[in-house]
Undergrad: 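First, the structure itself, so that you have it in front of you.
Every chain is numbered from 1, with letters handed out A, B, ... down the list of sequences. It should be emphasised that the depicted structure is a prediction, and the values quoted were computed from it without experimental measurement.
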Protein chains: 4
Amino acid sequence: MRADARRNRDRIVQTALDLLAERGPGVSMEEIARAAGLGVGTLYRHFPDRRGLLEEIGMDVLHRLRAEVRSLVGRELPGWEVLNLLVGYCTGQPLALLKSLAEDTAEDGAGTCTVGARERIELQREVTGLLEEIAGRAQREGAVRGDITPGEVIELFSATVCRPGARPGDAMTRVMLDGLRA
Amino acid sequence: MRADARRNRDRIVQTALDLLAERGPGVSMEEIARAAGLGVGTLYRHFPDRRGLLEEIGMDVLHRLRAEVRSLVGRELPGWEVLNLLVGYCTGQPLALLKSLAEDTAEDGAGTCTVGARERIELQREVTGLLEEIAGRAQREGAVRGDITPGEVIELFSATVCRPGARPGDAMTRVMLDGLRA
Amino acid sequence: MRADARRNRDRIVQTALDLLAERGPGVSMEEIARAAGLGVGTLYRHFPDRRGLLEEIGMDVLHRLRAEVRSLVGRELPGWEVLNLLVGYCTGQPLALLKSLAEDTAEDGAGTCTVGARERIELQREVTGLLEEIAGRAQREGAVRGDITPGEVIELFSATVCRPGARPGDAMTRVMLDGLRA
Amino acid sequence: MRADARRNRDRIVQTALDLLAERGPGVSMEEIARAAGLGVGTLYRHFPDRRGLLEEIGMDVLHRLRAEVRSLVGRELPGWEVLNLLVGYCTGQPLALLKSLAEDTAEDGAGTCTVGARERIELQREVTGLLEEIAGRAQREGAVRGDITPGEVIELFSATVCRPGARPGDAMTRVMLDGLRA
DNA sequence: TATGAATGAGAATTCATTCAT
DNA sequence: AATGAATGAATTCTCATTCAT
């Protein structure tokens, strides 16, 4: 891929993320293209359609999240500490998009699932798996209560840090972390 | 108001609530009308426009919530118990709609706020006030931790019970309640 | 026809005329009914449809015009004087409606002409005939120039006095009358 | 602006003028688009909405009228002759549209006047000013009667030549011109 | 009979997507 | 390859007309 094409593609993804965060899911393709300093045509050269763009953005976010999780896991810290560090990372990321993507996909029914969606779901599952491992470890270490499943721990964790406007150390994250303690 | 008109109006509100819960905010006026067994025209006889319909539905939900809160407050129970009882009520109600209404209103900017929206915001504020009183009481009773404001308690509470798919006693509500304890 | 039905009918015609004059051809049936203090249902009991109502209104106006013309003709005045007296009458009447009716009818093509329209056209022709007689007499008396047909005299006359906002003695009517002189 | 876009825009304006003249103000956007050999979307790319399209058409007509008036004024002819030449020009133009635009604008009330409407009114005023100058000159030259204002002369002039179906030399224009003579 | 609620076809408008320049 | 003009299906909303109360 040529350098300028790559640059354009990244600009689109970034701009779309910003606009989506700022103005909700109603932003039009035209607006995204314009905000990225491009024409719609160029946008469609890079992404097959709106859904495709959203999926790719989701992939982008997930890739970065996976990288972060992997690097934290590599540092061999206690699970509880990893969860706390992840709060810091996640609250700064536009993870809310992942939720709406998941909902949109669910709506369509399992059958009509795009290739792009399948890839994302795959990746999502992988990342969730990693996170659940961390949660499980934290439970085995006695830091997190044992009366809920690791999956539920992560569900909770996501609900908290993915919520729009989440900040590390705000009331909701503090209560969530305290509530998770054994 | 004629009996049949009243009945239709209620059907519309109920149907719209169901569809909105089931299929997200993208449902069209036509779909709502069809699902209610009516023509679009009838929707527009009862509600000025799409926004108006949504606002009225929000009012409907809020009125019922206020009634519930008032009745609980009237029973002079400890604040903590009221909060727990409210979990049971709220998780069965389509409160998520209130959030999306609030977001939509915010988008338009303060100036362009409709009369309907203003009323709803008013009512919302009233209900929130009642809830914060309950939270405050629970804190003074020593049941809820004191390091967060009553407003934050309620914010948390809402985030948990308004989330789509919330069930009383599920992991998220349990953790939230445990995290709130003093 | 019962007295109250007659009264309702007249109210509708009068109200419709007023609204049409005041707010243009965009007034809705509902508005007309409401302004007449009735429901739409009642309106449709008296008139088959919108077009029918307009035609009837046209008939109403035409009947009164014919009566006026006949009475003036009966007074055996010189043609020129009759024309001048008619200016006074016509500028106070909502004759503009007749033009728009004529245009609407023309649009539909000759074939699709309603029974109501046919009657009105008939009556219109009769009145025009009477007026042309007057014009012809005025020409024979030497008061009106002879280089245009009586039909043209009346066309002119109508264009002037039917124009919205026409007042006897205003610039346009004076110029028209002066221009018509032999 | 791209050449083809320019061409399409002009086609739209021309087609709309024709349809409006032929079928009255009820023509739909879809019809205009179809008649221009385009999709509705294209109309909306070029004009913000129906009103916007009409205003632009009005501007178009007015610009051409102003150019004509200016060129006639530049030829330093007697006022009376200019008026007569203008009859020839005006009767071939769809000036009736300007009247209906003025009425539509008036209906909305002064406050809600669009930017487009304001521009048009401005231009209309300018052209009317030019025409009144010509009328005034014709009066000073002794060709036009002095007992009416230049404004009234032009009002009359417009009423005659803007009327649908006006032809130079038809009865109405001849009478108007004769009536205006001193 | 009078009323006004219900209906649905039709008009304006938006926006994802395609295609000519 | 980039651009933005063109497209038309989908959506909101209106209003003449019908029909239940």
Undergrad: Whole Å only: how far is the OH atom of Y44(A) from the P atom of dT3(F)?
TA: 16 Å
Undergrad: For P48(B) and for G41(D), find the nucleotide of DNA chain F with the closest heavy atom, then tell me which residue's nucleotide is more 5'.
TA: G41(D)
Undergrad: Which nucleotide, in any strand shown, forms a Watson-Crick or G-U wobble pair with dT3(F), with both distances under 3.5 Å?
TA: dA20(E)
Undergrad: Can you tell me which nucleotide in dT7(F), dA5(E), dC13(F) comes closest to the side chain of D49(B)?
TA: dC13(F)
Undergrad: How many Å lie between CE on M29(C) and C1' on dT14(F), as a whole number?
TA: 15 Å
Undergrad: To the nearest Å, give me how far apart CD (E31(C)) and P (dA16(F)) are.
TA: 9 Å
Undergrad: Which nucleotide in the set dG4(F), dT17(F), dG8(F) lies at the smallest distance from any side-chain heavy atom of R2(D)?
TA: dG4(F)
Undergrad: Is it true that E122(A) and R118(A) have a side-chain N and a carboxylate O under 4.0 angstrom from each other?
TA: no
Undergrad: For the pair R120(D) (side chain) and E55(D) (backbone), establish whether a donor and an acceptor sit closer than 3.5 Å, ignoring hydrogens and angles.
TA: no
Undergrad: Which part of the nucleic acid does R50(A) contact within heavy-atom distance under 4.0 Å: base, sugar-phosphate only, or nothing?
TA: sugar-phosphate
Undergrad: Without decimals, in angstroms, what is the distance between L43(B) CG and dA5(E) C1'?
TA: 13 Å
Undergrad: Would you mind reading off the distance between F47(B) atom CZ and dT14(F) atom P, rounded to a whole angstrom?
TA: 15 Å
Undergrad: Send over the distance from I32(C) CD1 to dT17(F) C1', rounded to a whole Å.
TA: 14 Å
Undergrad: Let me know the distance between CZ of R45(B) and C1' of dC19(F), rounded to the nearest Å.
TA: 13 Å
Undergrad: Taking OP1 and OP2 of dA5(E), is either one under 4.0 Å from a side-chain nitrogen or oxygen of T42(B)?
TA: no
Undergrad: For the pair D4(B) and R2(B), find out whether any cationic side-chain nitrogen is under 4.0 Å from an anionic carboxylate oxygen.
TA: yes
Undergrad: Would you say a side-chain N or O of R34(C) is under 4.0 Å from OP1 or OP2 of dG4(E)?
TA: yes
Undergrad: Specify the separation, in whole Å, of atom CZ of R51(A) and atom P of dC15(E).
TA: 18 Å
Undergrad: Are any of the side-chain nitrogens in R34(D) or E30(D) under 4.0 Å away from the carboxylate oxygens of its partner?
TA: yes
Undergrad: Please report the shortest heavy-atom distance between A35(D) and L19(D), naming the atom on each side.
TA: CB-CD1, 3.8 Å
Undergrad: From dA11(E), dT3(F), dC13(F), pick the nucleotide closest to the side chain of S28(D)?
TA: dA11(E)
Undergrad: Report the residue (R7(D) or H46(B)) whose heavy-atom-nearest nucleotide on DNA chain E is the more 5′ of the two.
TA: H46(B)
Undergrad: Mapping V27(A) and N8(C) onto DNA chain E by nearest heavy atom, which one lands closer to the 5' end?
TA: N8(C)
